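Working notes for the structure below.
Here the structure is a predicted model, which means the values were calculated and not measured.
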Amino acid sequence: MRIGELAAKAGTTTRTLRYYESRGLLPARRAVNGYREYGEDDLQLLRQIRTLQDFGFDLEETRPFVDCLRAGHPAGDSCPASLAVYRRKLAELDGLIDRLTGVRQQVARQLATAEHAVAELAAGAEAPGGPEPRCEFDG
């Protein structure tokens, strides 16, 4: 198939395919007439790249999966290098989850403090530093 057909089947653009080709992720096979030619194996490569990018992998992180497929393996994640990328990505995600959990806890504490202050004001306690400010849009 030609580049336009491959792009349509993969749900991407010819520009993206040319970029992948320039990065060495997509083979550059040419027909006698100079047109790029692709097969179903190339479509499988593209689907692997897109799936990994949907998971948050950057383009370079997809390379071991692509190399695995190009080496003839049935799946891009059946090679040791691909498994190593999965492990690194999981460690990265665990770190992000830990940081987000910490931020969430801080926001929850701030919310609890703010809600407590609002409840005290509603119960008639005077706001520290004077009465509650009046909103200019209140009637």
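Using a 4.5 Å heavy-atom threshold, the side chains of Cys68 and Ser78 count as touching. For the pair Arg36/Arg30, a side-chain contact is recorded, criterion being any heavy-atom separation below 4.5 Å from C-beta on.
Tyr86 and Val66 are assigned to two separate hydrophobic clusters, defined by single-linkage of ILVMFWY side chains at heavy-atom distances under 4.5 Å. In the hydrophobic cluster analysis, where Ile, Leu, Val, Met, Phe, Trp and Tyr join through side-chain heavy atoms closer than 4.5 angstrom, Leu46 is grouped apart from Val85. In this structure, Leu96 is not a member of the same hydrophobic cluster as Phe55, with clusters built from ILVMFWY side-chain heavy atoms closer than 4.5 Å.
Residues passing the side-chain hydrogen bond (donor to acceptor under 3.5 Å, both in side chains) test with Arg29, sequence neighbours excluded: Asp42. With sequence neighbours left out, the side-chain contact (heavy atoms from CB on, under 4.5 Å) criterion links Leu59 to Tyr19, Tyr20, Arg23, Leu25, Ile49, Gln53, Thr62.
Counting all heavy atoms, side chain and backbone alike, Glu37 lies closest to Ala31 at OE2-CB, 3.2 Å. Shortest non-hydrogen contact noted between Pro27 and Arg70 is CB-NH2, 3.8 Å. Of all heavy-atom pairs spanning His73 and Cys79, the tightest one is CD2-SG, 3.4 Å.
Applying the salt bridge (Lys or Arg N to Asp or Glu O under 4.0 Å) rule to pairs touching residues 4-20 yields Glu5-Lys9, Lys9-Glu40, sequence neighbours excluded. Residue pairs meeting the salt bridge (Lys or Arg N to Asp or Glu O under 4.0 Å) criterion with at least one partner in residues 78-93, sequence neighbours excluded, are Glu61-Lys89, Lys89-Glu92.
If you take OH on Tyr38 and CG on Leu43, they are separated by 12.0 Å, rounding to the nearest 0.5 Å. Rounded to the nearest 0.5 Å, atoms CD (Gln48) and OG (Ser82) are 7.5 Å apart. To the nearest 0.5 angstrom, Leu69 atom CG is 5.5 Å from Leu45 atom CG. Taking OG1 of Thr14 as the reference point, atom CG of Leu6 lies at 10.5 Å (rounded to 0.5 Å).
Taking Ile, Leu, Val, Met, Phe, Trp and Tyr as hydrophobic and joining them when side-chain heavy atoms fall under 4.5 Å apart, one finds Val118 isolated, its cluster having no other members.
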Give the table of side-chain donor-acceptor pairs shorter than 3.5 Å for residues 99-117, with sequence neighbours excluded, one pair per line with atom names and distance.
from: Thr101; atom 1: OG1; to: Ile97; atom 2: O; distance (Å): 2.8
from: Thr113; atom 1: OG1; to: Arg109; atom 2: O; distance (Å): 3.0
from: His116; atom 1: NE2; to: Glu120; atom 2: OE2; distance (Å): 2.8

